[in-house]
Structures are given as structure tokens and as C-alpha cells.
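Working notes, beginning with the structure itself.
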Amino acid sequence: MSASRKTLVIGGGITGLTAAWRLHSAGHRVELLEAGNRVGGMIRTENIDGFLAELGPNTLQENRAETAELLKDLGLDDQRVYAGSVSKNRYILRNGKPVPLPLSPVSLFFGGFFRPSTRLRLLGEPFIRRAPGDTVETMETFVRRRLGQELLDYAVNPFVAGTFAARPPDLAVRYAFPRLHRMEQEHGSLVKGALFGKRHKPEGGRGIFSFKDGLQAIPNALAGRLGGAIHTGTRAVALEKDEKWKATAERNGEPLRIEADTILLALPPQALGDIRITGRSLEESLSLTARLPAPPLSVLFLGYRRDQVRHPLDGFGMLVPEKENRKILGALFSSSLFTGRAPDGHVSLTVFIGGSRQPELATKPLPELERLVRGELKELFGVEGEPCVIRHTLWPRVIPHYTVDHGKLIDDLDALESEHRGLHIGGPVRQGVALGDCIASGFGLAGKVLEKPNG
Ligand SMILES: Cc1cc2nc3c(=O)[nH]c(=O)nc-3n(C[C@H](O)[C@H](O)[C@H](O)COP(=O)(O)OP(=O)(O)OC[C@H]3O[C@@H](n4cnc5c(N)ncnc54)[C@H](O)[C@@H]3O)c2cc1C
């Protein structure tokens with residue numbers, strides 16, 4: 001591509017930053033607009049009185065080649081810190097008590113967590129007929145059909161709350177958990193798929209990780225490389241296509257016009273739908289994305305002295321099944337997950353409230369939220385007294401839910417891109433909300449420019 005052609009990336013979260021960096025490092029002219037005064041989007045690490053707090057995502061997984069390539073590129077490869085072995089222990093609340101979830105086949109079949117009828121049912125799962133390939137089923141009906149009600153209630157329901165802040169009826173299995181859909185289609189069974197299916201395990205991969213200074217290390221490194229190409233405090237409000245793309249943005253209340261040959265949109269669904277675009281079909285289709293359900297979620301980070309907490313916090317954290325009728329979705333044992341996250345003699349917890357299970361709780365004012373969470377922590381983990389630190393973050397529209405209608409949105413976005421040369425849309429709006437998916441999406445966006453330098 002000639003050096004004079006320019007790409008404008010809109011959105012400075014991990015998706016947009018990755019796309020911009022890939023283009024920049026390939027010698028392309030690129031500029032990035034970010035509405036906020038910092039980069040990283042949902043990635044937000046803060047140091048609070050010696051506690052390292054993640055107010056958005058907490059962990060990255062070593063399951064995508066693009067993540068490994070990006071980290072190597074940024075020189076962050078050897079700065080990873082891995083989750084301690086204690087994190088293999090995952091608690092589920094059962095009858096009001098945190099109980100370790102059986103994760104190995106032996107503990108699943110011979111431990112007492114699940115009823116004998118559920119364990120027997122698992123043995124019969126390979127004999128349940130697979131659904132036709134074009135079936136679009138919710139997680140609820142899929143899991144109930146293949147695994148039964150108890151696994152739905154005590155494994156999948158809390159897992160879906162912990163990953164998507166969703167309930168099983170909210171998500172279509174083929175869009176939200178495509179691997180499960182493939183297992184059924186390719187192996188006719190989840191049990192057979194888990195035992196015999198191919199797994200992507202990158203060489204030397206050790207699983208879940210972060211960095212000494214938290215996940216913010218990635219956006220910071222990307223911003224350092226991109227330098228003056230990033231314009232923070234600059235919100236894109238409109239796009240117009242003439243010979244070239246013309247973006248209108250606002251900075252300090254002043255309008256700003258920027259011309260580019262290619263536009264890469266790396267925005268959350270609501271923000272995508274808010275951008276005005278000349279050309280009716282484009283506008284209509286983009287505003288569809290604003291209708292993607294994404295409930296509010298409150299995150300409360302709390303630090304305590306070790307002697308204030310009775311529970312050993314010997315695990316990744318605890319998830320709460322809906323059936324248990326509690327006011328929190330779960331809690332991460334943050335200072336157990338990675339070392340060095342709390343001052344000596346102290347521990348930290350990150351608690352999640354709301355999601356589509358209880359959206360009304362997420363938006364409660366902080367004093368009420370704090371009272372509610374401290375009540376739950378006292379009952380569930382024996383936490384006593386005032387926290388040394390507390391930090392609240394409200395995500396008004398957290399993670400998009402891929403419903404049974406999601407295929408229509410994917411088709412609309414595909415059609416939109418082929419109709420409007422030089423416009424590409426990435427990020428969680430389409431498929432994949434995990435950081436690894438977003439990094440891969442950033443690679444994909446940049447790849448489209450590199451493959452078709454003229455749009
Ligand atoms: C509480 C929480 C916990 C999570 N936990 C995990 C986890 O442990 N592991 C994991 O893998 N994933 C996790 N996720 C999901 C993951 O963090 C997100 O899916 C991912 O960070 C999204 O990145 P993104 O760049 O696509 O979007 P965002 O991070 O939302 O970035 C989009 C950027 O666009 C900017 N913007 C918006 N409108 C405009 C505009 N008009 N003009 C210019 N800029 C604009 C925004 O300010 C923002 O910076 C979690 C998310 C949350 C909120």
C-alpha cells in the first residue's frame with residue numbers, strides 16, 4: 001500500500017489498539033480515535049494503597065496464536081505472571097456453602113457434588129442424538145437436553161453468569177459457545193468431544209495469566225508503540241463516504257474532520273449504533289447493534305486484613321448458581337489468583353453484581369451496594385469489619401449477549417461491509433467477547449487492510 005493511504009481506527013480498547021499496531025508496524029499510516037482520556041477500554045488496572053485492582057477483565061488465556069504473537073511483538077512475553085496452582089480450585093455455592101466444583105473425571109464421578117442420577121446421565125450422554133446442524137438453540141435447552149437439569153443449575157448457570165453476566169436462556173450455544181456446538185456436531189457428544197476432540201494448546205502454554213502490573217500492561221505497551229497516532233478525548237460522531245471516508249469527531253466540544261481511505265470500527269455495540277452514517281442502509285444496520293442485549297454489571301473490589309476473613313480463599317473464586325437466591329453473581333479471590341496483588345498480611349476480593357440475573361442491583365447507589373456485598377461476604381466467607389480499600393465500577397452495558405437472533409446481525413454486518421468499501425467492523429459485537437477473541441479480531445481487521453490495500 002502506498003504510504004499516503006490512511007486508515008482511521010475508531011475505539012482505543014484492545015481490539016482497536018491491536019488493529020492499529022498491526023498496521024503501524026507494517027508501515028501503514030494509521031490514526032486512532034478514543035473517546036475517553038485513556039486507552040484500554042474495559043481493561044482497567046488500578047493501584048490502590050498497595051492493592052493491585054482489576055476493575056474490568058482479570059485474566060487472559062493462552063489459547064490463541066494471535067495473543068502469543070502480539071505479546072512477543074510487544075516484548076511482554078516474558079513478563080507474564082501465571083495463576084497459582086491454587087486457582088485450579090473453583091468454588092460453587094451449594095446449599096449456602098462454598099463447595100469445590102469437581103473438575104476431573106474422577107472427582108466428577110466419585111465425588112459427592114452431583115447426584116448419582118446426574119452422574120449416570122453423563123454416562124448416557126454419548127447416546128443422545130445430535131441436533132440437526134442448523135439448529136439454533138439456547139444454552140438452557142442445549143444443556144438440559146444433553147446433560148440434564150442439575151448440571152444446568154449448578155455448573156452452566158453460574159459459569160454463564162461468570163463469563164457473560166448472562167442467564168442460560170439469553171445465549172445461543174452456536175454463537176456464544178461455538179466449541180460446544182462443534183463438539184456435538186463433530187463427535188455427536190460433549191463427553192466424547194471432551195475426551196477425543198482436538199485441543200489448541202500452544203507450545204509451552206500454562207493457561208491463565210496476567211502481568212505483574214496487571215492487564216493494563218498490554219494497552220500501555222501498545223499506546224507506547226503507537227505514540228502520536230492515538231488521539232484520546234476524541235469521540236467519533238459521524239461517518240460519510242465520498243471519494244474518501246470523512247469522519248466527524250468531537251474534541252473538547254469542538255468538531256474535527258478527518259479523512260481516511262479505510263475505517264476500522266472497534267466499538268462496543270451501543271457506541272457503534274450511536275455513530276451517524278450517511279447512507280440509510282448503513283445507519284439502519286448499525287443501529288441494530290445497539291439492540292444487542294448487554295446488561296449492567298457492578299464490580300466491587302475490596303481489600304481486607306487477612307485476619308478479617310475466615311475462609312482460606314484457596315481458589316480462583318466462587319460462582320453463585322441462580323437457584324441459591326443470593327445478591328451477588330460471584331467473587332474472585334484476587335490476591336490468591338496472582339501473587340503480589342495485596343500488601344503483606346492482606347487479601348483482596350472482586351465481587352460481581354447484576355448482569356441479566358439481577359440488573360436492578362447493578363445500578364444501586366454505592367452505599368447500598370456496599371451494604372449488600374458486605375452482608376453477603378460475611379455470610380459466605382466469614383468476612384468481618386470495614387474493608388481497608390473499596391473501589392466500585394459500574395459497567396452500564398457490559399458484555400453483549402449472542403441471542404438466537406445473532407446470526408441475522410452477523411449477516412447484516414457482513415452485507416454492510418461488502419456494500420461499503422473500506423469499512424470494517426470488529427470486536428465483541430460479532431463473535432467472541434474474551435480478550436483473546438478481541439486480539440484476534442484486531443488482527444483480522446488489520447488483515448483486511450493488508451490484504452486489500454485499496455479498500
Ligand atoms: C467486568 C468485566 C470483566 C471481564 N473479564 C474478562 C476476563 O477476565 N477475561 C477476558 O478475556 N475478558 C473479560 N472481559 C471482556 C473483555 O474485557 C472485553 O470484551 C474487551 O476488553 C473488549 O475490548 P474492545 O476493545 O473490543 O472494546 P472496549 O474495551 O469496550 O473498547 C472500546 C473503546 O471505544 C471507545 N469509544 C466508544 N465510543 C467511541 C466513539 N464514538 N469514538 C471513539 N472512541 C469510542 C471506548 O471509550 C473504549 O475505550 C471482561 C469485561 C468486563 C467489563
Side-chain angles (χ1 to χ4, degrees), residues 8-20 31-45 53-64 67 83 161-165 208-210 214-216 218-219 222-223 230-239 247-251 256 258 263-276 286 290 294-301 316-317 329-330 332 334 337 350-355 362 392-400 425-442 445:
L8 183 66
V9 179
I10 302 179
I14 189 72
T15 307
L17 288 168
T18 302
E31 287 191 55
L32 182 148
L33 308 186
E34 164 53 48
N37 56 11
R38 52 175 284 283
V39 292
M42 289 183 172
I43 298 178
R44 198 177 294 178
T45 313
E54 293 286 10
L55 308 173
N58 280 265
T59 58
L60 243 170
Q61 275 195 319
E62 257 173 347
N63 58 359
R64 298 201 75 133
T67 304
T163 46
F164 277 86
I208 290 171
F209 68 98
S210 177
L215 291 173
Q216 189 73 42
I218 309 180
L222 285 162
I230 297 180
H231 306 284
T232 51
T234 310
R235 176 179 295 278
V237 290
L239 295 173
T248 305
E250 282 169 3
R251 186 191 295 161
L256 198 76
I258 304 152
I263 302 279
L264 303 183
L265 293 172
L267 297 172
Q270 180 70 49
L272 202 51
D274 285 347
I275 291 196
R276 294 193 308 275
L286 277 186
L297 181 78
S298 262
V299 177
L300 229 64
F301 175 88
F316 192 96
L329 299 177
L332 280 180
S334 311
L337 188 52
T350 309
V351 182
F352 302 91
I353 311 106
H392 172 224
T393 310
L394 168 65
W395 298 100
R397 283 174 56 85
V398 76
I399 290 172
I425 300 162
V429 67
R430 252 204 179 99
Q431 200 144 33
V433 301
L435 292 169
D437 298 323
C438 295
I439 292 171
S441 172
L445 285 174

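Just follow the structure's listing: the first ligand is 1, and inside any ligand the first atom is 1.
The shortest contact between atom 40 (C) of ligand 1 and any protein heavy atom is with A236 N, 3.8 Å. Counting only heavy atoms of the protein, atom 45 (C) of ligand 1 lies nearest to L267 CD2, 3.4 Å. Nearest non-hydrogen protein atom to atom 34 (O) of ligand 1 is G11 CA, 3.4 Å. Ranking protein heavy atoms by distance to atom 31 (O) of ligand 1, first place goes to G13 CA, 3.3 Å.
Looking at ligand 1, you'll find an N or O of M42 within less than 3.5 Å of one of its N or O atoms.
By the criterion of a heavy-atom distance under 4.0 Å, neither the backbone nor the side chain of S441 is placed next to ligand 1.
Ligand 1 does not have L272 within reach: every non-hydrogen atom of the residue lies 4.0 Å or more from it.
Here the rule is side-chain contact (heavy atoms from CB on, under 4.5 Å) with I10, and of I263, L32, T234 only I263 fits it. Tested against I14, the residues D437, I43, L215 include a single side-chain contact (heavy atoms from CB on, under 4.5 Å) partner, I43.
No side-chain heavy atom of F316 sits less than 4.5 Å from a side-chain heavy atom of N58.
When the options V429, I14, V39 are ranked by their closest heavy atom to atom 25 (O) of ligand 1, first place goes to I14. With atom 44 (N) of ligand 1 as the reference point, the heavy atom nearest to it among G36, A35, G355, A238 is part of A35. The closest non-hydrogen atom to atom 9 (N) of ligand 1, taken over T59, L215, L265, V299, comes from T59.
Residues meeting the side chain to side chain donor-acceptor pair (under 3.5 Å) test with R430, sequence neighbours left out: D414, E417.
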